[in-house]
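First up is the structure itself, then whatever we jot down about it.
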Amino acid sequence: MSVLSGKKIVLGVSGGIAAYKTATLVRLFIKAGAQVQVIMTPASKDFVTPLTLSTLSKNPVHSAFFNEEDENAQWNNHVELGLWADLMLIAPATANTLSKMANGNCDNLLIATYLSAKCPVYFAPAMDLDMYKHPSTISSFSLLQKFGNIMIPAESGELASGLSGEGRMAEPENIITFLENDLESKLPLRGKKILITAGPTYEAIDPVRFIGNHSSGKMGFDIAQSAANNGAEVTLVSGPTALSVSHPNINLIRVTSAKEMYEACHQHFHNTDVAICAAAVADYRPKKVAEQKIKKAADDFTIELEKTEDILASLGKIKENQLLIGFALETENEIENAKLKIQKKNLDLIVLNSLQDEGAGFAKSTNKITFINKDFVVEPMPLKSKQAVADDIINKVIVHYEKNS
Ligand code: CTP
């Protein structure tokens, strides 16, 4: 999956012959799963039509501050566009547009949006070879880079003038690769290894029956996805669930019982930076597993149970520098019970679910949690989707490493 998936991209197109390549660029962004809004300078429309780019981007193209011919025209809000974007790319960036960007010469919607954007801005210059080498252009490059903007260097080859040299806009495929590499290198959990447990465990009674629970695994899978999206290498140890993973950075290990989950976790824990135990592990298992299917006989039937391994507590016992995060599902004295679990299991952070909260718990797409850290700072969170809760949990990990870097 591309790091561009889900990203909101503002593509600013200025007036150079390379503008025709933005059709391919927009198509590649959409293929990568990004959302694209295109802003065109008036001159760029001579090289590629707004209809082409709006069709490919599946969004109206913005060009003027408002359309004079349309009496219902609305003001094109450059501030909103600038704030909407996760990333802005100016491609092709002509010498004229680069100079305006460098000097804040705000005479069109593209420059106004550029000046309003709070996100990373990339620019892909395109011009003739002598223009590319001119001190004025070089000074624009250097000023823009000083502002923190990122240059996607032009490539060498045949130019529209018939001359050959440096100045061709980077090919759309190369622009995509450049952006992906740059974004990946800046992901906050890059280089971190995260172990996550998810789902229920099934404890066998006989070859056809087991003791299990209603956990869907969704919370743990969403945490894994969020961690991977932030650059972590994830080992996801999951009990039986219908869920699957698609992110290449998630190594899914499927297990059935608490014992198998325990073994898989201990195999990976020494080589991990963070462990997040979101699995609903069975607390007890049948002491003896019948080799054959148990036949019904007497009116009463008793199964003797024994405790399973407490995976989280066992990791707490051996932890060195790892950040250890557990869950607690409580029905009464929630905060006090969760604090006891932090101490008992040697945790850095606990994610408390209270079944008294509507919208929290198993087989729901929402969750309402309270964070409690090892210093007993209590932070209740509003009801959110499990995906948003997963992002909140991973944000705690990111903040931990930011503070300790
Ligand atoms: N956990 C675990 N292994 C177990 C049981 C629980 O790793 N055998 C983990 C869960 O993944 C969760 C945390 O421990 O992160 C809390 O689980 P919970 O069932 O709420 O608490 P218990 O410690 O089992 O205590 P109790 O059931 O008495 O509340």
Side-chain angles (χ1 to χ4, degrees), residues 194-204 210-224 227 234-241 243 253-269 272 274-287 305-319 322-357 360-364 367-374 386 389-390 392-394 396-397:
I194 304 196
L195 173 67
I196 296 167
T197 69
T201 63
Y202 287 180
E203 310 303 326
F210 59 83
I211 297 173
N213 60 65
H214 289 299
S215 168
S216 64
K218 180 156 174 45
M219 192 67 249
F221 275 64
D222 282 350
I223 297 170
V234 178
T235 301
L236 174 60
V237 181
S238 174
T241 75
L243 303 175
I253 301 174
R254 291 196 188 272
V255 295
T256 304
S257 63
K259 190 164 193 298
E260 285 170 15
M261 189 175 275
Y262 174 93
E263 278 159 11
C265 287
H266 278 266
Q267 201 184 334
H268 289 90
F269 188 66
T272 219
V274 183
I276 305 174
C277 290
V281 186
D283 287 329
Y284 291 92
R285 69 176 149 235
K287 212 166 181 175
L305 301 177
E306 65 181 9
K307 257 195 183 161
T308 55
E309 301 76 9
D310 189 321
I311 301 164
L312 182 60
S314 71
L315 299 179
K317 273 194 194 121
I318 58 167
K319 102 173 172 189
Q322 291 95 336
L323 192 68
L324 189 57
I325 302 177
F327 275 69
L329 181 62
E330 304 290 345
T331 54
E332 55 180 352
N333 298 328
E334 295 94 336
I335 305 277
E336 285 322 303
N337 283 337
K339 284 180 180 172
L340 284 176
K341 261 176 212 170
I342 293 179
Q343 283 175 325
K344 209 171 86 190
K345 302 194 187 192
N346 191 20
L347 308 181
D348 296 286
L349 182 72
I350 202 157
V351 182
L352 167 65
N353 289 293
S354 167
L355 273 193
Q356 288 183 5
D357 285 321
F362 287 166
K364 296 221 167 75
N367 205 352
K368 169 139 181 29
I369 61 157
T370 299
F371 285 115
I372 308 176
N373 72 12
K374 62 171 188 248
K386 282 193 175 163
V389 171
D392 286 346
I393 294 168
I394 290 303
K396 289 278 173 202
V397 176

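Whatever order the structure lists them in is the order used to number ligands and atoms, beginning at 1. Computed over heavy atoms, backbone and side chain alike; hydrogens, waters and symmetry mates excluded.
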Per-atom contacts of ligand 1 with Ala279, taking only distances under 4.0 Å to non-hydrogen atoms: 10 (C), 11 (O)
Whether Thr201 side chain and Thr256 backbone form a donor-acceptor pair below 3.5 Å: no
Proximity of Asn337 to ligand 1 by residue part, where a heavy atom lies under 4.0 Å: neither
All side chain to side chain donor-acceptor pair (under 3.5 Å) counterparts of Thr197, not counting sequence neighbours: none
Protein heavy atom at shortest distance from atom 4 (C) of ligand 1: Val281 CB, 3.5 Å
Residue portion contacting ligand 1 (non-hydrogen atoms closer than 4.0 Å) for Glu309: backbone
Any Ala328 heavy atom less than 4.0 Å to ligand 1: yes
Polar side-chain atom of Glu203 near backbone of Ala258 as donor-acceptor pair, under 3.5 Å: yes
Side-chain (Thr272) to main-chain (Ala275) donor-acceptor, under 3.5 angstrom: no
Donor-acceptor pair, side chain of Gln322 and main chain of Phe269, under 3.5 angstrom: yes
Polar contact flag for Leu312 and ligand 1 (N/O pairs, less than 3.5 Å): yes
Donor-acceptor pair, side chain of Asn337 and main chain of Glu332, under 3.5 angstrom: yes
Ligand-residue contact atoms, ligand 1 with Thr308, heavy atoms, under 4.0 Å: 8 (N)
Any donor-acceptor N/O pair, Asn333 side chain to Glu336 backbone, under 3.5 Å: no
Identity and separation of the nearest protein heavy atom to atom 17 (O) of ligand 1: Phe327 O, 3.8 Å
Atoms of ligand 1, numbered as shown, that sit under 4.0 Å from any heavy atom of Asp283: 5 (C), 24 (O), 27 (O)
Identity and separation of the nearest protein heavy atom to atom 14 (O) of ligand 1: Lys345 NZ, 2.9 Å
Under-4.0 Å heavy-atom contact between protein and atom 28 (O) of ligand 1: no
Among Cys277, Ala278, Ala313, closest by any non-hydrogen atom to atom 15 (O) of ligand 1: Cys277
Subset of ligand 1 atoms that lie under 4.0 Å from at least one heavy atom of Lys341: 18 (P), 20 (O), 21 (O), 22 (P), 23 (O), 25 (O), 26 (P), 29 (O)
Ligand 1 contact by Met261, heavy-atom criterion under 4.0 angstrom: no
Atom 1 (N) of ligand 1 - nearest protein heavy atom and its distance: Asp310 OD1, 3.9 Å
N-O pairing of Asp392 and Lys396 below 4.0 Å: no
Side chain to side chain donor-acceptor pair (under 3.5 Å) partners for Lys319, two or more places apart: Asp348
Closest non-hydrogen atom pair between Lys386 and Met219, with its separation: O-CE, 3.4 Å
Within 6.0 angstrom of Lys259 NZ, more than 12 heavy atoms from elsewhere: no
Shortest protein heavy-atom distance from atom 3 (N) of ligand 1, along with the residue and atom involved: Ile311 N, 3.0 Å
Which of the ligand 1 atoms, numbered from 1, are nearer than 4.0 Å to a heavy atom of Gly326: 15 (O)
